[in-house]
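Quick caveat, the model's predicted, so the values are computed rather than measured.
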Amino acid sequence: MLEQTTEMNLLYDFYGSLLRDKQRTLLEMYYHEDWSLGEIAEHQGVSRQAVFEAIKRAQATLTELEEKLGLVQKHLERQRLAQEILARLEEESEARLKVESLVKQMVDLD
């Protein structure tokens, strides 16, 4: 469950602004604020099943956006490459000092 939560939070960070307001609200309650489906349903005045289905649709939308655009995958690959660059520069302390800030700036672009 933690892995799915982490994945959904990452997808939300990249694509959340493309969701409808209600979808964003439900995902924030469920993933960020850790509300149960029952708590969300009571707060929204709908059934638990309606909340479950709405969250599933929002998750599917985020997943579909990632499949089409691949922004999260590209982000993760940039992070991996940055770590590899810095690791290779461990033995070259002078070069690392010159390059490290640039690598961090590159990673922080996302």
Rounded to the nearest 0.5 Å, what separates atom [atom1] in [X] from atom [atom2] in [Y]?
X: Met106; Y: Gln79; atom1: CE; atom2: CD; answer: 9.5 Å
X: Arg88; Y: Gln83; atom1: CZ; atom2: CD; answer: 13.0 Å
X: Asn9; Y: Tyr31; atom1: CG; atom2: OH; answer: 8.0 Å
X: Gln49; Y: Leu37; atom1: CD; atom2: CG; answer: 9.0 Å
X: Glu33; Y: Thr25; atom1: CD; atom2: OG1; answer: 9.0 Å

Heavy atoms of other groups near Glu94 CD, more than 12 under 6.0 Å: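 Not buried by this count: 12 neighbours or fewer within 6.0 Å.
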Are [X] and [Y] packed together at the side-chain level, in the sense that at least one heavy-atom pair is separated by less than 4.5 angstrom?
X: Glu7; Y: Leu11; answer: yes
X: Tyr15; Y: Leu71; answer: yes
X: Leu27; Y: Met8; answer: no
X: His75; Y: Phe14; answer: yes
X: Leu62; Y: Leu18; answer: no
X: Leu69; Y: Lys74; answer: no

Cluster check Ile40, Val46: I/L/V/M/F/W/Y, side chain < 4.5 angstrom: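 Ile40 and Val46: one cluster.
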Verdict with supporting geometry, Gln44 and Leu26, side chain to side chain contact (heavy atoms under 4.5 Å, CB included): CA-CA 9 Å; Gln44 297 289 319; Leu26 293 175; 4.1 Å; yes
Those residues that, when tested against Tyr12, pass ring pair (Phe, Tyr, Trp, His ring centres under 6.0 Å) (two or more places apart): His32
Contact summary for [X] and [Y], nearest pair of heavy atoms:
X: Ala82; Y: Val103; answer: CB-CG1, 3.3 Å
X: Val72; Y: Glu66; answer: N-OE1, 2.9 Å
X: Tyr30; Y: Trp35; answer: CD1-O, 3.5 Å

Salt bridge (Lys or Arg N to Asp or Glu O under 4.0 Å) pairs, two or more places apart, involving residues 38-65: Glu64-Lys68
Contact list for residues 20-30, test salt bridge (Lys or Arg N to Asp or Glu O under 4.0 Å), sequence neighbours left out: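 Of all non-adjacent pairs touching residues 20-30, those that pass salt bridge (Lys or Arg N to Asp or Glu O under 4.0 Å) are Asp21-Arg24.
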Donor-acceptor pair, side chain of Glu100 and main chain of Leu86, under 3.5 angstrom: no
